[in-house]
Q: 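Quick one: structure below, then a few questions.
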Amino acid sequence: MPAEARGSRMLLEFDGVYRDAMVYVNGALAGQHAFGTSRFAVRIDPYLAFGAENEVRVECRTHLDSRWYAGAGIHRDVHLITKAPLHIAHDGVRVTTPDVDADRAIVEVAVTVENDGPVTATVRLSAAVVEEDIAEVASGSTPVTLLPGERAVARLRLPVPSPALWSVEDPSLYALRLQLSEIGGPDVADGPIDEERVSFGIRTLQLDPQKGLRINGREVKLRGACIHSDNGPLGAVSIARAEERRVQALKDAGFNAIRSAHNPASSALLAACDRLGMLVMDESFDMWTSGKSDFDTASDFAQWWERDLEALVAKDFNHPSVIMYSIGNEIPETGNRFGAAIGRRLAEKIRSLDDTRYITNGINGFVSMLDTIIPMMQANRAAAADAGPAGVNGMMAGFGQMMSRIQASPQATERVEESFAVLDIAGMNYGDARYELDRELFPNRIIVGAETWPTDIDKNWALVTANSHVLGDFTWTGWDYLGETGIGVVKYDDDGARGQASFATGFPGLTAWCGDLDITGFRRPASYYREIVFGLRTEPYIAVQRPEHHGKDIAVATPWAWTDSIGSWSWAGFEGRPIHVEVYADADEVELLLDGASLGRATVGESRTFRADFETVYRPGELVAVASRNGVETGRTSLAAASETLDLRVVADRTSLRADGTDLAYLAIELTDEHGTVHATHDRTVTVTVVGPAVLALGSGAPITEEGFTAPQHRTFDGRAMAIIRPTGAGEITVTVAADGCAPASVALSVND
């Protein structure tokens, strides 16, 4: 730390340290923070030696404290913030747009200014609003006088003409540039003594049971995806490019909203949502005072919840993408009056910090009644065990229906009424049975499906579109995640799953396997089905159930499990064997053709809405699905069988990278034929060699594997793998991929300062 920095105020801002972080500077404890996924700042200048080297050490502790993979250590960005004694406070800028019409918008700016100096000072706060970093569209200034040790809030109202409104379709952003300059006196510094730049958007939010959620006056239905915070092969780390890629992929798949289950989103994720146009439900906690894992944060809740909510709001306030805060996820306490009182305190705390957004809570009436349900379930489980394997599996298969019955029961209605009443939006986890019921019982209640079964999207979306008081649907999950292994895996009798009374696969299960997109970002069949349900896709989609399981009895398939299918007609080794084909279409009939010959016609909707099913025999060729309504073709799609040629194809999403620690290159690795058709049955181990200033993460979408992500070898899954290259400095990088029986493939990357 240079000697001339003496007298500055210095903070280390951590966007996330998992968890129980202790920050030491030169051996002295400078600060601590219990929660592992909320932002916090530690003042370090009192402990620094100026004109000398300093040591900052961060210690954290984590053990059996999460129901999924939460990672460990510093997993989000860290910033060093340096301020003069007279400065704009950290997180001291608040921008709101309370008055908006087509001709102008009023941008209200509230800036907290602090005087840590020994004398009274008068400063001038100047503000400029810049549209898309091109032109200044509004400005203003005000003097502010502060006594020693005082802080004050300076406010400006800036009219912006013909505002460009932020929306999902057109995420227009403005920049607020602030300068703080001292006024008067012989020792006044030349130029500004502090500066800040804040990105924000101009938009309005309205909410009522009759018109639902309106953004800029237009009704918006939330096509939502729950996501966990891990980034697949990267682990729990949040890197700007990873978050940007994930948001873009989810948007391309038809989603317009995400829920940060079950902890606050990273700053990098919110910045990506702002730029790309993705709405956010930012969630605070997975537990309050009742623990869900042996050593989770329930023991810290009473001491830390206010500071955690303050950190949540401070991080989110200026992000236009954030439209609601969630105060919890499936909190058991919501089923009693004392838990409702906690919920009220949390909701009012947020309202005192930010009254421009809405508050929800992911309430599951089933979980809220566990104190009475668990004894009943234990009795049912014992009875099912006495009935043999069929009884256990029948109970597992009916879990979703049982949960719906309990959630819609009069007992649940009474138990959660107050917990819902403290919210602006009643978040319901797997509570679709209440949607129409509550329209009658609670006509002023506004609902969002905060977490829903992926297999129920057709039914749930029909409820969303038919009911103005239901704002949208958030599926579990939009993106697959590490942990809660195998809750979406279809298990068959010959896997030894008969009689298994558990949703999870256990070791060597790696991912939940319930995402529309796998952990590499590859879209699974459920994603295309959902896109059709949303009315965003007219072209049909062909999904083929894995022929090796044809005719087997399903032992366990939870409501999180899609069919065991992929979008492929390359099944070498299964020629002449029976195979089941699913075609998703917004139509009334589908004809299936193989090399131009009809394999028959099937009615859409017999097995499930928007799906037609075919039993046939596998033969290589081109499979074509033609959808029609009232005898008129509405769309067609095709799958071609791969030839015997086996090539290794590697495609980078970008070849020019930044060396600032925020960038990545994603290399899609595929085993294909000469036409680029992926082989589904020729999986093999690929070896990736990286030469240059970079580190490698390597993985696939496989839900069950003993492989990690740090080795240079990984087996493909359904013919695919993903290499992720993170630059460690400027220079040239060469990535070479090799696999048995294939010519190696190379990609050159360039990294600039």
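Predicted, not measured: the structure shown is a model, and the values here were computed from it.
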Q: Let me see the working for Val58 and Phe14 under side-chain contact (heavy atoms from CB on, under 4.5 Å), right down to the final yes or no.
A: CA-CA 10 Å; Val58 180; Phe14 296 87; 3.8 Å; yes
Q: Within this structure, what is the CE-CG distance for the pair Met722 and Leu234, rounded to the nearest 0.5 Å?
A: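 Here the interatomic distance stands at 10.5 Å.
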Q: Taking Tyr174 for its side chain and Ala164 for its backbone only, find out whether a donor-acceptor pair lies under 3.5 Å.
A: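 Yes; judged by distance alone, with no hydrogens or angles, the pair exists.
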Q: Taking only distance into account, with no hydrogens and no angle test, what donor-acceptor pairs under 3.5 Å do side-chain atoms of residues 134-148 form with protein atoms, sequence neighbours excluded?
A:
unit_1 : atom_1 : unit_2 : atom_2 : d
Ser141 : OG     : Arg124 : NH1    : 2.9
Thr145 : OG1    : Thr122 : OG1    : 3.0

Q: Judged by atom type as modelled, is there a donor-acceptor pair below 3.5 Å linking the side chain of Arg57 to the main-chain atoms of Gly27?
A: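 The answer is no, because no donor-acceptor pair under 3.5 Å joins these two groups.
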Q: Given Lys83, which partner from the list Glu114, Glu196, Glu13 fulfils the salt bridge (Lys or Arg N to Asp or Glu O under 4.0 Å) test?
A: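 Of the listed residues Glu114, Glu196, Glu13, the salt bridge (Lys or Arg N to Asp or Glu O under 4.0 Å) partner of Lys83 is Glu196.
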Q: Establish, yes or no, whether a centroid distance under 6.0 Å links the rings of Phe285 and Phe35.
A: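 Centroid distance Phe285-Phe35: below 6.0 Å, so yes.
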Q: Among residues at least two apart in sequence or on other chains, which ones pass side-chain contact (heavy atoms from CB on, under 4.5 Å) with Ala84?
A: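 None.
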Q: Kindly write out the residues that satisfy side-chain hydrogen bond (donor to acceptor under 3.5 Å, both in side chains) with Ser284, not counting sequence neighbours, or none if the list is empty.
A: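 Ser284 satisfies side-chain hydrogen bond (donor to acceptor under 3.5 Å, both in side chains) with no residue once adjacent residues are dropped.
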Q: Quick one: list whatever passes salt bridge (Lys or Arg N to Asp or Glu O under 4.0 Å) with Arg43, sequence neighbours left out.
A: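 Salt bridge (Lys or Arg N to Asp or Glu O under 4.0 Å) check on Arg43 returns Asp45.
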Q: Thr520: which residues meet the side-chain hydrogen bond (donor to acceptor under 3.5 Å, both in side chains) condition with it, sequence neighbours left out?
A: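 Partners of Thr520 by the side-chain hydrogen bond (donor to acceptor under 3.5 Å, both in side chains) criterion, ordered by chain and then number, come out as Asp518.
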Q: Would you compute the distance between atom SG of Cys273 and atom CD of Glu243 and round it to the nearest 0.5 angstrom?
A: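 So the gap between those two atoms works out to 8.5 Å.
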Q: Salt bridge check, Asp300 against Arg19: does any charged N sit closer than 4.0 Å to a carboxylate O?
A: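 Salt bridge present between Arg19 and Asp300.
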Q: By salt bridge (Lys or Arg N to Asp or Glu O under 4.0 Å), which residues pair with Glu195, not counting sequence neighbours?
A: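 Result, salt bridge (Lys or Arg N to Asp or Glu O under 4.0 Å) vs Glu195: none returned.
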Q: Using the ring pair (Phe, Tyr, Trp, His ring centres under 6.0 Å) rule, collect all pairs that involve residues 229-259, keeping only residues at least two apart or in two chains.
A: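 Matches after skipping sequence neighbours: none remain.
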Q: How long is the gap from CG on Leu269 to CZ on Arg76, to the nearest 0.5 Å?
A: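 Leu269 CG to Arg76 CZ: 8.0 Å, rounded to 0.5 Å.
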Q: Between CG of Asn231 and CZ of Arg241, what distance do you get to the nearest 0.5 Å?
A: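 Output value for this atom pair is 11.5 Å.
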Q: My understanding is that only residues two or more places apart in sequence, or in another chain, count here; which of them pass salt bridge (Lys or Arg N to Asp or Glu O under 4.0 Å) with Glu310?
A: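 Applying salt bridge (Lys or Arg N to Asp or Glu O under 4.0 Å) to Glu310 gives Lys349.
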Q: Using the side-chain hydrogen bond (donor to acceptor under 3.5 Å, both in side chains) criterion, which residues pair with Gln206? Sequence neighbours excluded.
A: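 For Gln206 there are no side-chain hydrogen bond (donor to acceptor under 3.5 Å, both in side chains) partners, ignoring immediate neighbours.
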Q: Do Arg214 and Glu219 meet the salt-bridge criterion of a basic N to acidic O distance under 4.0 Å?
A: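 Salt bridge between Glu219 and Arg214, a charged N being under 4.0 Å from a carboxylate O: no.
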Q: Quick one: side-chain hydrogen bond (donor to acceptor under 3.5 Å, both in side chains) partners of Asp282, sequence neighbours excluded?
A: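 Here the qualifying residues are Ser260, Lys315.
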Q: Once rounded to the nearest 0.5 Å, what's the spacing between atom CG of Leu276 and atom NZ of Lys251?
A: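 Rounded to the nearest 0.5 Å, the CG-NZ separation comes to 6.5 Å.
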Q: When rounded to the nearest 0.5 angstrom, what is the spacing between CG in Leu213 and CZ in Arg218?
A: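 Atom-to-atom, Leu213:CG and Arg218:CZ are 12.0 Å apart.
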Q: Compare every heavy atom of Ala121 with every heavy atom of Leu86, then report the nearest pair and how far apart it is.
A: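 In terms of heavy atoms, the two residues are closest at CD2-CB, 3.7 Å.
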Q: Is it true that the side chains of Asn216 and Ser167 contain a donor and an acceptor less than 3.5 Å apart?
A: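 Note: Asn216 and Ser167 side chains miss the donor-acceptor criterion.
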Q: What verdict does the side-chain contact (heavy atoms from CB on, under 4.5 Å) test give for Leu222 and Phe474, after you've listed the backbone C-alpha separation in whole Å, the side-chain angles of each residue and the deciding distance to 0.1 Å?
A: CA-CA 8 Å; Leu222 301 176; Phe474 286 78; 3.9 Å; yes
Q: His33 vs Arg39, test: side-chain contact (heavy atoms from CB on, under 4.5 Å). Steps then yes/no.
A: CA-CA 9 Å; His33 192 76; Arg39 196 174 74 179; over 6 Å; no
Q: Shortest non-hydrogen contact from Ala694 to Ile725?
A: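 For Ala694 and Ile725, the tightest heavy-atom pair comes out as CB-CG2, 3.6 Å.
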Q: Could you pull out all residues at least two apart from Asp354 that satisfy salt bridge (Lys or Arg N to Asp or Glu O under 4.0 Å)?
A: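 Asp354: salt bridge (Lys or Arg N to Asp or Glu O under 4.0 Å) contacts with Arg357.
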Q: Give the ring-plane orientation class for Trp288 versus Phe301, where under 30° counts as parallel, over 60° as perpendicular and anything between as tilted.
A: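 Parallel, since the angle between the ring planes stays under 30°.
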Q: Mind listing the closest non-hydrogen atom pair of Gly661 and Ile239 along with its distance?
A: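 In terms of heavy atoms, the two residues are closest at O-CG2, 4.0 Å.
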Q: Could you tell me whether a side-chain N or O of Arg259 sits under 3.5 Å from a main-chain N or O of Gly224, the two making a donor and an acceptor?
A: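 Between the backbone of Gly224 and the side chain of Arg259 there is no qualifying donor-acceptor contact (under 3.5 Å).
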Q: Where do Thr356 and Leu205 land on the side-chain contact (heavy atoms from CB on, under 4.5 Å) test, with the steps shown first?
A: CA-CA 8 Å; Thr356 69; Leu205 298 178; over 6 Å; no
Q: With no hydrogens and no angle check, is any side-chain donor or acceptor of Asn256 less than 3.5 Å from a backbone partner on Arg223?
A: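 Yes.
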Q: Among residues two or more places apart or on two chains, list those pairs meeting ring pair (Phe, Tyr, Trp, His ring centres under 6.0 Å) that have a residue in residues 78-124.
A: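 As it turns out, there is no ring pair (Phe, Tyr, Trp, His ring centres under 6.0 Å) pair with a partner in residues 78-124 once direct neighbours are skipped.
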